[in-house]
Amino acid sequence: MSLSSEPAVAESGREPIPRRYWIWLGGVTLSLLGSQMMAFGMTWAAAAWGGAFAGAVLTAVNLPRVALLLFGGALADRVGAWRVMITSDFAMAGAALVLGGAVLVLGVQPYLLLAIALVIGVVDAFYLPSSGSMPRRLVTGEPLARAMSARQVVGQLATFAGPSAGGLLVATAGLATVAFVNAGTYVVMAAILVGLRPRSAPATPPPPAGGGVRSAVDGLRVAWSDPVLRPALGLIAATAAFLLPVSGLLIPLLATERGWNADLGGILAGTIALGIVAVAVTVTAAGAIRRPGLAAAGGLALAAAGVLGLALASVAAAAITAAAVVGIGSGLFTAHVGPLILGGAPSTHLARVQSVLVLAQSLPLLLTNNALGSVSDLFDADVALTVCAAFLLVAAALGARSPALRGATLAIAR
């Protein structure tokens, strides 16, 4: 039976998400689990040489990823996202096998961790834009928002389960075993992509002529010139700058200042993630709001209110409630802005627009993580949270005032 066979009719009468998308998503789930296990194992091993070296390993992943993202998106739009992803999966499988074998022979060495981190960053720069465009390549029309919400659910679950599984595997079998398991997940993902790959390329206009740099930056041109993509990506950047640091940076600092234990800090971060998953599951089952631009702006405003609630919370119950509000608002924002961007991207620039999206998520964090950490040192974590809430409210208000976002629908661009 072909991997791409589709159900004829949805039981509910609504257009179904194609079966081939669920097959792809199953491979993504396995691959994400392997990647999270590998990331934990490498960070754990790097921590043996101190926090500075562990930070250097993370930087070795992030810098080439950010530097090469635009080129990765341009290559995918030129030679095909399927080819880029299959090649990248086999490259990552090979790198993981090399790491595992080297660890068995040489033990865990700092230069091995740095070398593999660089490889991961380079491959991610080419893989992420292609992978981000896959929902649009496999799903069209109304089901796109539901399909992307399902992708968000598995991403959150992998983020929960991957590090735990990685820690267990590192403790019982060592880093080499984690690397071998991760290699296996990449091979499975590559096999799924080969099975799902269309036998003939879709009839889309050819990419514009030009050199590599010109083709790479063309995604920036398209994103900036589009009246919907420009403000939507601006909201993405604001969220990356002032919402993403809440869980990873400011909640641990707030818990420490309030005298709360580490368990409560983990509960707060988990509550945010649970709120995101709850919204994603709801959208997957029921569909997105008809006006995604307004829904995204409203979700961002709700998340801002939750962040302010965290800053003002003096007891655990109030903090958990505020964290739930942050999660629900974040889920509403993500479930609607993602399909809006992917659905609005021209078919000739799907991967390049996705590379701009990943840049919009990555670059602000390089600045605001350090800045917000300094604000917390100079004042308190609640001051940093208040700053975040203020910027998020401004961004939400600007998004709601944008005529293009207010009138945007989930129509698919040509």
Side-chain angles (χ1 to χ4, degrees), residues 25-51 53-58 60-62 89 92-110 112-117 119-121 123-124 127 131 150-192 247-249 251-252 255 260-277 280-281 323 327:
L25 192 59
V28 168
T29 304
L30 183 64
S31 181
L32 284 174
L33 283 171
S35 297
Q36 291 289 333
M37 291 166 60
M38 182 82 156
F40 179 88
M42 289 181 60
T43 304
W44 181 269
W49 282 274
F53 181 71
V57 170
L58 294 176
V61 173
N62 290 326
D89 276 319
M92 282 304 304
L97 288 173
V98 168
L99 175 63
V103 168
L104 289 178
V105 174
L106 303 172
V108 180
Q109 301 295 333
L112 287 176
L113 298 177
L114 284 173
I116 295 300
V119 171
I120 292 173
V123 175
D124 273 357
Y127 189 85
S131 181
R151 169 66 177 81
Q152 186 180 14
V153 171
V154 303
Q156 291 289 333
L157 293 178
T159 301
F160 274 131
S164 300
L168 179 63
L169 203 55
V170 167
T172 57
L175 180 61
T177 301
V178 175
F180 292 142
V181 170
N182 191 35
T185 67
Y186 282 116
V187 171
V188 172
M189 185 74 248
I192 289 174
S247 291
L249 175 67
I251 280 181
W260 298 334
N261 57 32
D263 289 344
L264 180 55
I267 289 172
L268 293 177
T271 300
I272 292 177
L274 185 62
I276 295 173
V277 169
V281 169

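The structure presented is a predicted model; accordingly, all values stated were derived computationally and were not measured.
- The minimum heavy-atom distance linking Met189 with Tyr127 is given by the pair CG-OH, 3.9 Å.
- Heavy-atom minimum distance, Val119 versus Ala95: CG1-CB, 3.8 Å.
- The shortest non-hydrogen separation linking Gly166 to Phe40 is C-CD2, 3.8 Å.
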Between Met42 and Val61, is the side-chain contact (heavy atoms from CB on, under 4.5 Å) condition met? List the steps. CA-CA 11 Å; Met42 289 181 60; Val61 173; 5.7 Å; no
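- Listed here is the closest heavy atom pair of Ala158 and Gln36: O-CG, 3.6 Å.
- Two residues are said to be in side-chain contact when any heavy atoms from C-beta on lie closer than 4.5 Å; Leu157 and Val153 meet this criterion.
- Scored by the salt bridge (charged side-chain N to carboxylate O under 4.0 Å, His left out) test, Asp124 finds Arg65 as partners (sequence neighbours excluded).
- Atoms CG and CD1, on Asn182 and Ile120 in that order, are 7.5 Å from each other to the nearest 0.5 Å.
- In this view, Ser35 and Tyr186 satisfy the side chain to side chain donor-acceptor pair (under 3.5 Å) rule, not counting sequence neighbours.
- To the nearest 0.5 Å, atoms CZ (Arg151) and CG (Leu25) are separated by 7.0 Å.
- Put simply, CG on Leu99 and CG on Leu104 are 9.5 Å apart, with the number rounded to the nearest 0.5 Å.
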Run the numbers on Met92 and Asp89 for side-chain contact (heavy atoms from CB on, under 4.5 Å), then give the verdict. CA-CA 5 Å; Met92 282 304 304; Asp89 276 319; 5.6 Å; no
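- By the ring pair (Phe, Tyr, Trp, His ring centres under 6.0 Å) test, Phe180 pairs with no residue at all, sequence neighbours left out.
- For the residue pair Phe53 and Ala46, the shortest heavy atom distance occurs at CD2-O, 3.5 Å.
- Taking CG of Leu175 as the reference point, atom CH2 of Trp44 lies at 12.5 Å (rounded to 0.5 Å).
- Between Val57 and Thr43 there is no side-chain heavy-atom pair separated by less than 4.5 Å.
- Under a 3.5 Å cut-off, the side chain of Thr172 and the backbone N or O of Leu168 do form a donor-acceptor pair.
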Please step through side-chain contact (heavy atoms from CB on, under 4.5 Å) for the pair Thr185 and Met37, ending with a clear verdict. CA-CA 11 Å; Thr185 67; Met37 291 166 60; over 6 Å; no
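- Of all heavy-atom pairs spanning Ile192 and Gly27, the tightest one is CD1-CA, 3.5 Å.
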